[in-house]
Undergrad: 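Got a structure for you, written out below as structure tokens; questions coming shortly.
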Amino acid sequence: MVTKKKVEQKIEQKQESNKLDFSVIEKKWQEAWEKSRVFEVSEDLKRKKFYVLEMFPYPSGAGIHMGHAFNYTIGDIFARFKRMNGFNVLYPMGYDSLGLPAENAAIKNKTHPEDYTHKSIANFIKQQKTLGLSYDWSRQINTANPEYYKWDQWIFLKMFEKGLVYEKEASVNWCSSCKTIISNEQAQGGKCERCGTKIEIRQMKQLFLRITDYADRLLEGHKKLNWPEKTIAMQKNWIGKSYGTEIKFGINGEYWNVFTTRPDTLFGVTFMVVSAQHPKLDKLVTKEQRKEVDKFLKKLKSVSEKELESLEKEGVFTGSYAINPVTGDKVPVYAGNFVVADYAGGMVMAVPAHDQRDFEFAKKYKIKIKQVIEPLYESTDGFDAFHKTEPKIDKEVVVAIIKNPKNLKYLCLKWKKNSWKTFVSGGIEKDEDVLTAARREIEEETGYTDLKFIKTLPGKVHTRIYHNLKKENREAHMSSIYFELNSDKRKEISKEENELHEILWLTDNDVEKLGIDEDIKLIWAQFKQETAYTGEGYVTNSPGFNGLNNEEAKKKITDWLISKKLGRKVVNYKLKDWSVARQRYWGTPIPLVHCDKCGLVPVPEKDLPVKLPEKVKFGEGNPLLTNKEWLDVKCPKCGGKAHREANTMDTFVNSSWYFLRYCDSHNTKEIFDKKKVKYWMPIDLYIGGAEHACMHLIYCRFYTMFLHDLGLIDFDEPAPRLFHQGMINGYDGQRMSKSKGNGVEPLETMKKYGVDTTRFYLMSEASPDKGFNWNDSGIQGSLRIINKVLTILDNLKFGRDSKELEVKLNNSIKSITEQIENLDYRKSTIELRELFDLIAQQKEISKESFVSAIKLLAPFCPHIAEEIWQKIGMNKSGKDFISLASWPKYDEKKLKLQEDSLSIEEKMIGYVKSITDKFPDKKNVYLYVMPFELGKIKAERISKAIGKMVDIWAVNNKAKFDPNNRASKARPGMPGVYLE
RNA sequence: GCGAGGGUACCGAAGCGGUCAAACGGGAGAGACUCAAAAUCUCUUGGCUUAUGCCUUCAUAGGUUCGAAUCCUAUCUCUCGCACCA
């Protein structure tokens, strides 16, 4: 066991042996960069721009953690790389400083949020500067600055103007701990994202941004994005577009709109379920059922406090009946705990025969189940699709294997029209896989041998039958397996018999016809009873629509409903409008005024910014309500009595457009100069955590689209390329935290090992998108290579390059260039290690090559690179930084060691001779070579050279003479050899 | 349930049809230097054994191929997102 003490001892010892005092050179170069304003940029139309951005941090009092260091190093390397490649690189930093946590922390520390924020930011900047990050600090922004949030308000007013802001009474997510409303995005899983408190649903008048107007564009825009697939999938899921039909159901003389994606099952509706949280639930409850319903609601409340998820589907009859618009049937209306109140009307039509959840509910409450879809037994997908795409395979025997949950299996083979045969009805033998069993059974039953396996194809049709079985039965599956008979046997089967096809699922009739044993009947029966059939099929029991394919039926039934004005086609989204108001102090004030006469009135643009009043009381409720002076204003419209909107904006507003402000961060006249934004935007590489997939990354796209529509910008996607960095955990694989004691402080680490070592280590442990577990002994490997580079410097002798070094260097330039471009930094650190290992072994090296090698190192270890750069005399003026030097180029011709000019034939002769020499008594030589080599080699020439009989075969020649299977040893350039 | 990505030597982690017993790092072992340690450098790190050799390995089982860690199929298993969405 290595104790912590031992490790620390080791570290101290190693530190003593450091070649340089890192902190001295770090400071030296950081100051030099700042003094010379190396990283400050301005628009230059002649140069290509590149915009690298990390998601700006929320400046907490705790300062930066290792995750920040990781994130920023990834961006910094890219920025430095692009800069050296001649790009005009915009790489800014700023602070997302408004928000609940600052307010809470300030209250806790008994300071004003503003002081808290200022201190935190100052601390952040100091820490970030020690990391050696190449930010253009002159463009820094801070969202808590009125100069910034003025433009939040300005955009808000524009949205108000365009009708994207509205107020409505709505059920909202209320966090009783933060004492504020929070958005759906922040209330995922029914818990407050910030504090984990369970969300309450309350009815309140609320301000919303109409983000749903952009739902389609947000989906459409995904096509343009080079984003992780997962993130796109998450957003799609979040936006949740679904097409369906809204159907009017009459209940107690009133129409209720119900959304469904399955209008084809309308005839199968046997009950309705309304959400237990539905605001209009009371209207449905009859006197007789009142008690029952109340009891149910009460129970729900007590249960939900404990465990909201994994609840069983429960409900209670309300006493009311709905009229099915197509059948005129009266069906009971239940209140249920599984229906979401504010999605699509809060009521569902239940079709127990074809929806699993409805099915379970119906079973529980003994409600009628009416089947209206007859499953498709004929194949539609798997098998046919297979034949359509691969029509060449036409002579196989087709076998379907049904493996049931009890691990019994059945083979059914169909080769003549309507002649089915069951082969197997026993269990699979021990140590025998399905395929072997299938082969064995077929051989036994048919007498055909030499079946050649072609392919296994999972049949969608088959699996569909089983996919609704309960989880414990999930092993059940079915597949089609194809065997081809060998050619002799194939002849025995007549042409007609060769046309084998269509075996996919067994209908009741099939089961009868086949005389299949009891077991499978049992499974079939079980299936029919215990699950709803949710697949495709033909419509039955639906007068007027019977016999239609269910997809057609969807259209026809919807059309019919439309014609009778009982329904309409609708598109539904899971995405809801963005509730933007927060009952808290530390946010952007909403520039609206409530006037008794005029209602909601926007603050005129000239009066912006509406600044946060300094004097407020923190405690219960919204602090802004405690400053009367600020609250009371005259109505901008009529001059009458009015008061300010006391809510502040959600903090996500601030981060929805900040990347645009960086382009022109000190503009006091307008939100930004269009020309400047046109030059810099969009963000060429955006780096940040995957946890923002459904919040910030949707909001900022929405804002960008809106500003595009205003005509301010000419693009509508802010960040075409997005990268998520991985998580850095403690050595134990757990999230770093003080309480667990597994945390590693970035500043401490950098003090111990040096900034460049830390950066190098962070990049060398894992690919940036994967993250890793921190490992104290691992960072010493990085220290080793840094020290090695410095040792090289000490013993440096310029001269000529060795061939080997030349090749390695050119390869390194090529691969590191590509790797950085792909953010595959880990591989680059390996390449750098190999390169400097080799340089260390050289007696001398050309200055040119050494310069290139140091340049390759520069993005990763900028301080050391600058120091070496200067020491070898490349920075005489003190301003010729390696940070601004040009990236090395490789020579295509020098990527490989020059091959000796021997032909393949000559090489082979040498190789074969070396073998034959050992076995002088063997007379015949058989060589097995790649097919493409065949033309380049002549048997006679080799024969002459080695003085033996030589036979050459292509390695894939079936007729070749090869008793020892030496052909399998053959490789390109090196033949397989058999001696006789 | 739906979706995404994995399982490689003692550990982390590359490789994604032939040049693979498998890069690189950590760890371990041996040696050089040293009075001694640390650092540094060299070597070893699947087995047989010292050979331009054989055998066994890249979750498991089959298959395709002259040739599979890499392709196909099935099975097992892990991690991570999202979920009563009608």
Side-chain angles (χ1 to χ4, degrees), chain A residues 2 9-10 12-18 188-189 228-231 233-234 236-238 240 242 244 258-262 273 308-313 336-340 343-345 347-351 355-358 403 431-436 439 452-458 467-468 471 475 477 479 481 572-574 690-691 693-694 727 761 764-767 770 772-773 775 777-782 784-785 787-788 791 826-827 829-831 833-834 837 840-841 910-911 914-915 928-931 953-958 960 962 965-974 976:
Chain A
V2 184
Q9 249 175 10
K10 259 188 172 178
E12 270 166 38
Q13 283 161 342
K14 283 182 194 185
Q15 265 185 303
E16 279 167 29
S17 68
N18 281 350
Q188 288 187 34
E229 254 180 69
K230 203 178 164 182
T231 307
M234 278 165 80
K236 277 189 178 151
N237 184 33
W238 186 255
S242 59
V258 172
F259 175 75
T260 180
T261 55
R262 293 293 306 268
V273 188
L308 223 141
E309 286 144 43
S310 75
L311 260 187
E312 214 183 302
K313 285 133 199 69
N337 64 354
F338 62 95
V339 177
V340 180
Y343 178 74
M347 186 186 279
V348 300
M349 58 177 234
V351 187
D355 181 281
Q356 188 58 24
R357 201 186 34 212
D358 297 345
K403 190 173 146 199
D431 303 325
E432 188 178 54
D433 67 296
V434 179
L435 250 156
T436 319
R439 184 195 293 269
K452 190 174 176 187
F453 170 65
I454 300 173
K455 182 153 197 155
T456 306
L457 182 81
H467 91 284
N468 275 324
K471 203 173 181 183
E475 312 89 85
H477 71 277
S479 305
I481 298 185
N572 233 312
Y573 298 93
K574 281 198 250 176
E691 68 273 16
C694 290
M727 286 275 288
Y761 174 62
S764 66
E765 256 316 283
S767 307
K770 283 187 183 150
F772 64 97
N773 299 343
N775 173 354
S777 65
I779 194 168
Q780 289 171 53
S782 300
R784 224 164 270 159
I785 180 72
N787 276 331
K788 184 174 253 174
T791 311
R826 198 184 115 82
K827 285 184 202 152
T829 62
I830 292 168
E831 194 68 42
R833 277 192 151 107
E834 288 173 358
D837 261 343
Q841 288 162 25
Y911 172 68
S914 72
I915 295 172
Y928 310 98
V929 302
M930 296 300 119
W953 297 95
V955 93
N956 60 351
N957 185 338
K958 293 220 162 121
K960 67 180 178 289
D962 184 13
N965 192 24
R966 305 305 295 178
S968 68
K969 300 286 170 195
R971 279 171 285 169
M974 212 188 263

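Chain naming here is simple, since letters A, B, ... match the order of the sequence lines and numbering starts at 1 in each.
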Undergrad: Do Asp962(A) and Trp953(A) come within less than 4.5 Å of each other through their side chains, counting heavy atoms only?
TA: no
Undergrad: Starting at the 5' end of RNA chain B and moving along, which residue's nearest nucleotide shows up first, Lys960(A) or Glu229(A)?
TA: Glu229(A)
Undergrad: Rounding to an integer number of angstrom, what distance separates C78(B) and C72(B) when you compare their P atoms?
TA: 23 Å
Undergrad: Students often get this wrong, so: under 4.0 angstrom with heavy atoms, is Phe259(A) touching a base, only sugar-phosphate, or nothing?
TA: base
Undergrad: Only stems of 3 or more consecutive Watson-Crick or G-U pairs count here, both distances under 3.5 Å; name the ones for RNA chain B, or none.
TA: B:1-7 with B:76-82, B:10-12 with B:24-26, B:27-32 with B:40-45, B:46-48 with B:53-55, B:59-63 with B:71-75
Undergrad: For the pair made of CD in Gln780(A) and P in G25(B), what is the distance, rounded to whole Å?
TA: 15 Å
Undergrad: Asp358(A) side chain to Val351(A) main-chain N or O, any donor-acceptor pair under 3.5 Å?
TA: yes
Undergrad: Write down the protein N/O and nucleotide N/O pairs, taken from nucleotides 47-53 of chain B, whose separation is under 3.5 Å; answer none if there are no such pairs.
TA:
unit_1, atom_1, unit_2, atom_2, d
U52(B), N3, Ser914(A), OG, 3.2
U52(B), O4, Ser914(A), OG, 3.2

Undergrad: For U8(B) versus C58(B), give the span between their P atoms, rounded off to a whole number of Å.
TA: 11 Å
Undergrad: Between U49(B) and G63(B), how far apart are the P atoms? Round to whole Å, please.
TA: 33 Å
Undergrad: Establish, with yes or no, whether the OP1 or OP2 oxygen of G1(B) is under 4.0 angstrom from a side-chain nitrogen or oxygen of Arg357(A).
TA: no
Undergrad: Could you run through nucleotides 14-19 of chain B and give me one letter per nucleotide, 5' to 3': B if any protein heavy atom sits under 4.0 Å from the base, S if only the sugar-phosphate is that close, - if neither?
TA: SS--BS
Undergrad: Base, sugar-phosphate, or nothing for Val273(A), non-hydrogen atoms under 4.0 angstrom?
TA: nothing
Undergrad: Rounding to a whole Å, what distance do you find between Ile779(A):CD1 and G12(B):P?
TA: 20 Å
Undergrad: Any side-chain heavy atom of Glu765(A) sitting closer than 4.5 Å to one from Asn773(A)?
TA: no
Undergrad: Applying a 4.0 Å non-hydrogen cut-off, can you work out what Glu834(A) is touching in the nucleic acid: base, sugar-phosphate, or nothing?
TA: sugar-phosphate
Undergrad: Distance check, C1' atoms only: A61(B) and C76(B), in whole angstrom units.
TA: 10 Å
Undergrad: Mind checking if Gly781(A) touches a base, just sugar-phosphate, or nothing, with heavy atoms under 4.0 Å?
TA: sugar-phosphate
Undergrad: Between U50(B) and C54(B), how far apart are the P atoms? Round to whole Å, please.
TA: 15 Å
Undergrad: What is the distance from CE of Met349(A) to P of C85(B), rounded to the nearest Å?
TA: 15 Å
Undergrad: If you restrict it to nitrogen or oxygen atoms, what contacts under 3.5 Å exist between nucleotides 41-44 of chain B and the protein, and what is each distance?
TA:
unit_1, atom_1, unit_2, atom_2, d
C41(B), OP1, Lys788(A), NZ, 3.4

Undergrad: Could you tell me how far A13(B) sits from U79(B) if I compare only their P atoms? Round to whole Å.
TA: 15 Å
Undergrad: Starting at atom CE of Met347(A), determine the distance to atom C1' of C84(B), rounded to an integer number of angstrom.
TA: 17 Å
Undergrad: Report the residues that fulfil salt bridge (charged side-chain N to carboxylate O under 4.0 Å, His left out) with Lys960(A), sequence neighbours left out, ordered by chain and then residue number.
TA: none
Undergrad: Can you tell if the side chain of Pro931(A) reaches within under 4.5 Å of the side chain of Val955(A), non-hydrogen atoms only?
TA: yes
Undergrad: If I pick the C1' atom on A4(B) and the same atom on C84(B), what distance separates them, to the nearest angstrom?
TA: 22 Å
Undergrad: A83(B) P sits how many Å from Asn237(A) CG, rounded?
TA: 7 Å
Undergrad: For Phe259(A), enumerate each residue passing the ring pair (Phe, Tyr, Trp, His ring centres under 6.0 Å) test, keeping only those at least two apart in sequence or located in another chain.
TA: none
Undergrad: Nearest to the Ser242(A) side chain among G25(B), C66(B), A86(B), which nucleotide is it?
TA: A86(B)
Undergrad: Distance check needed: A39(B) P versus Asn787(A) CG, whole Å only.
TA: 11 Å
Undergrad: Taking atom C1' in both A22(B) and U45(B), what distance in whole Å separates the two?
TA: 14 Å
Undergrad: Atom CG of Asn773(A) and atom C1' of G12(B): how far apart are they, to the nearest Å?
TA: 9 Å
Undergrad: Walk me through whether Tyr761(A) and Ile785(A) qualify under side chain to side chain contact (heavy atoms under 4.5 Å, CB included).
TA: CA-CA 10 Å; Tyr761(A) 174 62; Ile785(A) 180 72; over 6 Å; no
Undergrad: Can you tell me how far P of U65(B) sits from CG of Asn957(A), to the nearest Å?
TA: 15 Å
